[in-house]
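Every chain is numbered from 1, with letters handed out A, B, ... down the list of sequences.
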Amino acid sequence: MQKFKDSTNIQPVGDSALVIQMGETIDLEINQIVHALASLLMYQPPAGIGEAVPAYTTVLIHYDPLQLSYSTVLKWINDCMQRLTITGSQRANLVEIPTVYGGEFGPDLPTVAQHTGFSEAEVISRHAAVEYPVYMMGFTPGFPYLGGMDPKLATPRLETPRKLVRAGSVGIAGGQTGIYSVNSPGGWQLIGFTLTVLFDPDQEQPFLINPGDRLRFIPVQKEEIGL
Amino acid sequence: MTIEVMETGPMSSIQDMGRRGYERFGVPPSGPMDEFAFRAANALVGNSANAAGVETSLMPLRLRCLQNGVVALCGCGYQLFLNEIKMPSWTAVWFKYGDEILFQPDGFGLAEIAFSGGIIVPERLGSKATNQRARLGGIHGNNLQQGDVFVLGDPAEDPVLMSGTRLPELTFPTYGTEVQVGVVWGPHLAHFSKEAQSILLEEAFSIQVDSDRMGYRLNGKPLPMVKPADILSEGMVMGAIQVPASGLPMIMLADRPATGGYARIGTVIRADLPLLVQSAPGQGQIRFYAVDVETAQEKYKRQIRDLYLGIDRSKGMVLANIVGSHQ
């Protein structure tokens with residue numbers, strides 16, 4: 001823990017934000033510290049502090065310069081960093097995503113199977129075997145950046161992206177896996193589909209997944225979820 | 001208690017000061033491009049800073065008033081006509097039921113428009129700001145369309161008493177086609193050669209015509225990089241100067257994504273963002289100067305303080321004249 005505190009770098013990002021950098025590579029341990037720090041900073045922050053935005057190795061803090069000077073924010077952050085501890089027993093929230101794999105719900109599963117040399121059943125079991133850390137979110141509202149996909153499942157994106165991919169589509173793009181959180185065009189290889197809603201602005205909790213969560217795909221039959 | 005949209009281009013949208021608190025979920029803040037003009041417009045009509053108004057650019061916006069109130073047009077590149085009579089900008093203008101208001105483009109610019117009482121639309125994720133891609137805010141998540149009708153809230157004061165309040169030009173940022181824009185360096189300076197910083201400070205840049213609310217792409221001398229432009233994605237701010245592999249900077253603005261994966265050489269200071277966004281694509285000349293955070297913050301605080309003091313002073317004078325005329 002101390003070695004991370006020592007190698008931390010804090011810089012202003014213009015006059016209304018600053019960034020705390022804790023590393024330079026995609027690393028689960030660093031990312032866990034990033035999320036612990038973001039949570040600590042968001043617990044009863046002083047007036048004028050805006051949102052802490054965690055990412056792979058950084059936490060960006062937005063603040064209001066009409067209320068707080070850069071040096072005041074810097075001091076507060078250094079105070080928080082002193083108080084930051086990671087207990088070994090800290091377990092992130094696990095989100096389970098019931099997923100119908102293949103057939104009409106995974107039109108590119110045969111492509112992935114062929115490219116990787118596995119059977120379709122083997123692709124599914126390898127994909128569903130992993131607890132994926134949610135390193136950060138972004139790109140579209142509610143979209144999780146998942147880490148930890150089995151590198152043997154890596155398959156290049158579609159040569160011609162689809163004009164429309166439905167929200168809930170589960171796919172692979174290169175060495176990454178993810179779930180479309182809104183309808184959008186897309187070039188991912190679609191291997192499954194979930195009815196679970198990731199983003200609904202009218203709900204009390206608009207987002208199912210939080211950055212720092214862990215995610216697991218649960219293979220189900222389409223009848224089990226009413227498809 | 002409504003205003004009807006008779007005619008509009010595609011770039012009219014309802015905005016408030018922005019949707020905050022969801023950037024870690026990938027929801028950009030939206031909000032006004034010209035913060036100074038937006039604040040000024042709201043203050044002139046007696047609204048709080050976060051009241052919802054309309055931003056528009058490029059094309060005329062014509063409205064029919066189905067109630068009384070005051071309106072203020074702030075920003076650049078537009079003229080205000082009330083029933084075809086030209087009225088001043090940066091001024092609270094009284095309108096009554098049946099009046100027609102036209103915002104007519106006059107050169108390039110962005111208009112920030114406020115109505116007394118503010119625009120009432122449902123809040124999505126805590127804000128009325130329009131984000132078309134995510135279908136949030138505004139009227140059903142869309143920019144304004146012909147035939148839209150929007151409701152105004154109750155004004156803070158009697159609109160008649162506010163009419164004539166104005167902001168003197170002395171208080172404005174120095175808008176123009178040639179502007180000087182302050183930059184705070186970082187956070188990815190290690191990706192750039194020292195020469196890149198010199199180029200940014202010594203050369204003039206122009207804005208590409210395909211620029212929009214997401215960001216302004218710049219034309220000029222490319223900035224040499226010593227490390228690849230790709231970085232691990234991290235949180236994004238307004239005014240961030242992103243530099244992709246081409247070396248040509250792109251300044252991220254109101255509809256920027258919440259996170260980004262290109263190296264940034266610096267961030268435009270908040271006090272100077274209005275100068276940048278109001279500088280005409282294709283014509284404007286931007287020059288950058290370096291400044292530290294403390295100086296940038298002082299400039300911004302002074303600018304905002306002078307804005308509200310200027311409007312207060314004008315309100316005092318208007319009221320004094322109204323009271324005085326009864327003696």
Checking T25(A) against chain B: side chain, backbone, both or neither under 4.5 Å from a heavy atom? backbone
On a heavy-atom basis, the closest approach of R24(B) and V53(A) is CA-CG1, 4.0 Å
Y300(B) OH: over 12 foreign heavy atoms closer than 6.0 Å: yes
Are Y135(A) and L232(B) side-chain neighbours, meaning at least one heavy-atom pair lies under 4.5 Å? no
Rounded to the nearest 0.5 Å, what separation is found between the OH atom of Y70(A) and the CG atom of D292(B)? 11.0 Å
How long is the straight-line distance from OG1 of T267(B) back to CD of Q11(A), given to the nearest 0.5 Å? 9.5 Å
Contact leader toward chain B among M42(A), H62(A), E24(A), where contacts are heavy-atom pairs under 4.5 Å: H62(A)
Chain A contact via M238(B) - which portion, at a heavy-atom distance below 4.5 Å: neither
Side chain, backbone, both or neither: which part of E294(B) has a non-hydrogen atom closer than 4.5 Å to chain A? side chain
Do the non-hydrogen side-chain atoms of D202(A) and R124(B) ever get within less than 4.5 Å of each other? yes
Proximal component of V19(A), with respect to chain B [non-hydrogen, under 4.5 Å]: side chain
With a 4.5 angstrom heavy-atom cut-off, is it the side chain or the backbone of L68(A) that approaches chain B, or both, or neither? backbone
Looking at E51(A) and R20(B), is any side-chain nitrogen of the basic one under 4.0 Å from a carboxylate oxygen of the acidic one? no
Is the CZ atom of R214(A) crowded by more than 12 outside heavy atoms at less than 6.0 Å? yes
Picking from A55(A), P211(A), G14(A), which has the most non-hydrogen pairs under 4.5 angstrom with chain B? G14(A)
Contact part of I304(B) toward chain A, heavy-atom cut-off under 4.5 Å: side chain, backbone, both or neither? side chain
From L60(A) CG over to M236(B) CE, what is the distance, rounded to the nearest 0.5 angstrom? 9.5 Å
Just how far is it from atom NZ of K301(B) to atom CG of L66(A), taken to the nearest 0.5 Å? 8.0 Å
Under the side-chain contact (heavy atoms from CB on, under 4.5 Å) rule, what do F199(A) and L125(B) come out as? Steps first, then yes or no, please. CA-CA 11 Å; F199(A) 169 50; L125(B) 298 181; 4.1 Å; yes
Let me know if L18(A) has heavy atoms under 4.5 Å from chain B in its side chain, its backbone, both or neither. neither
Proximal component of N9(A), with respect to chain B [non-hydrogen, under 4.5 Å]: neither
Shortest non-hydrogen pair, L136(B) vs P201(A), comes out as CD2-CB, 3.7 Å
Proximal component of S69(A), with respect to chain B [non-hydrogen, under 4.5 Å]: both
Rounded to the nearest 0.5 angstrom, the OG-OH distance for S233(B) and Y145(A) is 4.0 Å
Within the 4.5 Å heavy-atom criterion, are R270(B) and P65(A) side-chain neighbours or not? yes
Which bit of P187(B) is near chain A, if near means a heavy-atom gap under 4.5 Å: side chain, backbone, both or neither? both
Taking side chain as C-beta onward, heavy atoms only, is V237(B) less than 4.5 Å from S16(A)? no
Counting neighbours of CZ on R135(B) that are heavy atoms of other residues, nucleotides or ligands and sit closer than 6.0 Å, is the number greater than 12? no
Look at the aromatic rings of F25(B) and F207(A) and report parallel, tilted or perpendicular, splitting at 30° and 60°. parallel
Side chains of F139(A) and P257(B): does their closest heavy-atom pair fall under 4.5 Å? no
Mind checking the CG-CD spacing from D15(A) to E298(B)? Nearest 0.5 Å is all I need. 11.0 Å
A52(A) versus chain B, the contacting section by heavy-atom distance below 4.5 Å: backbone
